Colleague: 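Got a structure here, written out as structure tokens. Questions coming.
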Amino acid sequence: MRELIIDLDAIAKNLNTMRAKTNGALALAVIKADAYGHGMLPVAKKLEAAGADYLGVADIEEAMKLRAEGIDLPILAWLHSPTENFVSAIDAGIELGIANIDHLERIAKASQQLRRVARVHLKVDTGLGRNGAGAAEWPEVLQKAHELVAEGFIQVVAIFSHLSCTSEADDLNQIARFEAACDEAKAAGIDFELRHLVASDGLLRYPQAHYEMVRIGVALYGLSPFVENSAADFGLVPAMTATARVTQTKRVGANQGVSYGYLHRTAAETTLALIPVGYAEGLPRNATGKAQVSIHGKQYSVNSRVAMDQFVLDVGDDAVVAGDLVTIFGDPAAGVPSADDLAAACDTINYEIVTRMGGRFHRSYLGESN
Ligand SMILES: *Cc1c(COP(=O)(O)O)cnc(C)c1O
């Protein structure tokens, strides 16, 4: 009745398309938040087969699920609870993003308990103002890390940071600050293999900042990180198509109020088609009056209130019947609205649209690898 079709071959292709824009940098594929709503495990398996070098998630819990499913790639997790117990993560060989001294101390304890060296990536806040060590803490973090390396508890794999993508000037400041932070790390005697700073946006904008590894998120899913550019501009193919089947149609007369609040009233005798997708599935309620969906290649506007489970289209005298396929969004090359179109209609970004698709949608996969 409701299906998210996930094209894993498109994801593999997007990985290679993005990687080909670098000068041989390693590719860390970001699959946090259930692979931006695409399904973390099938996506991880496909990326492993497609030659991703690293997987990246926010939470250790996400990383543990990947290990439990037999994913052997290096995995980096960077967002930790203040009471995180790092033992199982280190035991599972998960690499940890480190933002402060407290993380370092607790990781060292866990490493000592396990007699296993923890692989860490030191995160410096170069201006985003989110996690990572700020300028004041950075020398202290470096000093502590140096001690723990000498004691055999940790290995510093990388120095990393994240851009704000506010303006080119702000990003260039962050790039300069990042390079200075890496130099400070070297000067503090820390031996690291990798620097990684850019996500999809920075990969496309700043070739000078690819360093040894890039972290690719939204572009993997065939979406543009920029509002002003479409995915096709970068050779990316959208991987998610959200569809449903019309559950019922009925003829009604003129002046029939439709859905809560009667935001739409029929102008004349017409057919109403009921679509079983609501805000519980991730179709934002504020798509009402602004989004378009496609049936048989024709676009209809969602002009009555999106409810929890369903919305209604006024399809006029068109031959729409129960069972017909409705595409809520997909690859615009196929003549259907894109996730960007829906995002614009809802005053948000494509990232939020795909990540929140779920509820009672069933996911089906094309190009699965086992
Ligand atoms: C989410 C995230 C990414 C991926 O960003 P995209 O814009 O989706 O490519 C990269 N790095 C970090 C630290 C993130 O949190």
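Only a predicted model underlies this, so the values are computations on that prediction, with no experimental measurement involved.
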Colleague: Answer yes or no: is there a side-chain heavy-atom contact under 4.5 Å between M308 and R285?
Modeller: no

Colleague: For a quick test of reading the model, state the closest non-hydrogen atom pair linking L66 to A44 and the distance between them.
Modeller: CD2-CB, 3.5 Å

Colleague: What do you reckon, is CD of E168 surrounded by more than 12 foreign heavy atoms closer than 6.0 Å?
Modeller: no

Colleague: side-chain contact (heavy atoms from CB on, under 4.5 Å) between Y221 and V43: does it pass, once the steps are laid out?
Modeller: CA-CA 10 Å; Y221 308 101; V43 169; 4.2 Å; yes

Colleague: Same hydrophobic cluster for V258 and V277, using side-chain heavy-atom links shorter than 4.5 Å among ILVMFWY?
Modeller: no

Colleague: Kindly give the heavy-atom pair with the smallest separation between L313 and S301, and that separation in Å.
Modeller: CD2-O, 3.6 Å

Colleague: Passes side-chain contact (heavy atoms from CB on, under 4.5 Å), V156 versus L148? Steps please.
Modeller: CA-CA 10 Å; V156 177; L148 296 176; over 6 Å; no

Colleague: Which heavy-atom pair separates V320 from T249 by the least distance, and what is that distance?
Modeller: O-CG2, 3.5 Å

Colleague: Is the shortest heavy-atom distance from the side chain of I275 to the side chain of V293 under 4.5 Å?
Modeller: no

Colleague: Tell me whether R116 at atom CZ has more than 12 heavy atoms from other residues, nucleotides or ligands lying less than 6.0 Å away.
Modeller: yes

Colleague: May I ask you to test the Y54-V157 pair for a side-chain heavy-atom distance under 4.5 Å?
Modeller: yes

Colleague: Find the distance between CD (E48) and CG (D53) and round it off to the nearest 0.5 Å.
Modeller: 11.5 Å

Colleague: Counting only heavy atoms not in Q248, do more than 12 sit closer than 6.0 Å to its CD atom?
Modeller: yes

Colleague: Do L204 and M18 have side-chain heavy atoms sitting under 4.5 Å apart?
Modeller: yes

Colleague: Ignoring hydrogens, what is the shortest heavy-atom contact between L55 and L28? Give both atom names and the distance.
Modeller: C-CG, 4.0 Å

Colleague: Would you say L114 ends up clustered with I60 if hydrophobic residues are merged whenever their side chains have heavy atoms under 4.5 Å apart, either directly or through other cluster members?
Modeller: yes

Colleague: Assess the side chains of D170 and S164: does a donor N or O sit below 3.5 Å from an acceptor N or O?
Modeller: no

Colleague: Would you find more than 12 non-hydrogen atoms of other residues, nucleotides or ligands less than 6.0 Å from R356 atom CZ?
Modeller: no

Colleague: side-chain contact (heavy atoms from CB on, under 4.5 Å) between H80 and F86: does it pass, once the steps are laid out?
Modeller: CA-CA 9 Å; H80 315 303; F86 292 106; 3.7 Å; yes

Colleague: Salt bridge (Lys or Arg N to Asp or Glu O under 4.0 Å): which pairs involve residues 245-274, sequence neighbours left out?
Modeller: R251-E269, R251-D317

Colleague: Taking all non-hydrogen atoms of both residues, which atom of L342 and which atom of A291 are closest, and how far apart?
Modeller: CD1-CB, 3.6 Å

Colleague: For residues N23 and H210, is any side-chain donor paired with an opposing acceptor at under 3.5 Å?
Modeller: no

Colleague: Are any of the side-chain nitrogens in E368 or K46 under 4.0 Å away from the carboxylate oxygens of its partner?
Modeller: no

Colleague: Do any N or O atoms from the side chain of E137 and from the backbone of G134 form a donor-acceptor pair under 3.5 angstrom?
Modeller: yes

Colleague: Are K13 and D9 within salt-bridge range, i.e. N to O under 4.0 Å?
Modeller: no

Colleague: Assess the residue pair F311 and S259 against the criterion (side-chain contact (heavy atoms from CB on, under 4.5 Å)); give the C-alpha distance rounded to whole Å, side-chain angles, the decisive distance to 0.1 Å, and a yes or no.
Modeller: CA-CA 8 Å; F311 65 92; S259 189; over 6 Å; no

Colleague: Look at the side chain of E62 and the backbone N and O of A33, then say whether any donor-acceptor pair between them is shorter than 3.5 Å.
Modeller: yes

Colleague: Would V141 end up clustered with L79 when hydrophobic side chains under 4.5 Å apart are linked, directly or stepwise?
Modeller: yes

Colleague: Taking all heavy atoms of P238 and all of P332, pick out the closest pair and write down the distance.
Modeller: CG-CD, 4.0 Å

Colleague: Is the number of heavy atoms from other residues, nucleotides or ligands under 6.0 Å of Q299 CD greater than 12?
Modeller: yes

Colleague: Is I5 linked to L223 within one hydrophobic cluster, defined over Ile, Leu, Val, Met, Phe, Trp and Tyr using a side-chain heavy-atom separation of less than 4.5 Å?
Modeller: no

Colleague: Y36 versus I353: any side-chain heavy-atom pair under 4.5 Å?
Modeller: no

Colleague: Assess the side chains of D341 and S338: does a donor N or O sit below 3.5 Å from an acceptor N or O?
Modeller: yes

Colleague: Decide yes or no for F226 and D201: does some side-chain heavy atom of the first lie under 4.5 Å from some side-chain heavy atom of the second?
Modeller: yes

Colleague: Got E151 and Q112 here, is their nearest side-chain heavy-atom distance under 4.5 Å?
Modeller: no

Colleague: Please work out whether the ring planes of Y211 and F178 are parallel, tilted or perpendicular, with thresholds of 30° and 60°.
Modeller: tilted

Colleague: Considering only heavy atoms from C-beta outward, does the side chain of L194 approach that of F160 to under 4.5 Å?
Modeller: no

Colleague: For the backbone of G37 and the side chain of D34, can you confirm whether one donor and one acceptor N or O come within less than 3.5 Å of each other?
Modeller: no

Colleague: Pairing donors with acceptors under 3.5 angstrom, does anything connect the side chains of T126 and S161?
Modeller: yes

Colleague: Consider side-chain contact (heavy atoms from CB on, under 4.5 Å). Of H121, K32, E95, which one does W78 pass it with?
Modeller: K32

Colleague: Does L122 share a hydrophobic cluster with V149, counting links as ILVMFWY side-chain heavy atoms below 4.5 Å and allowing steps through other members?
Modeller: yes

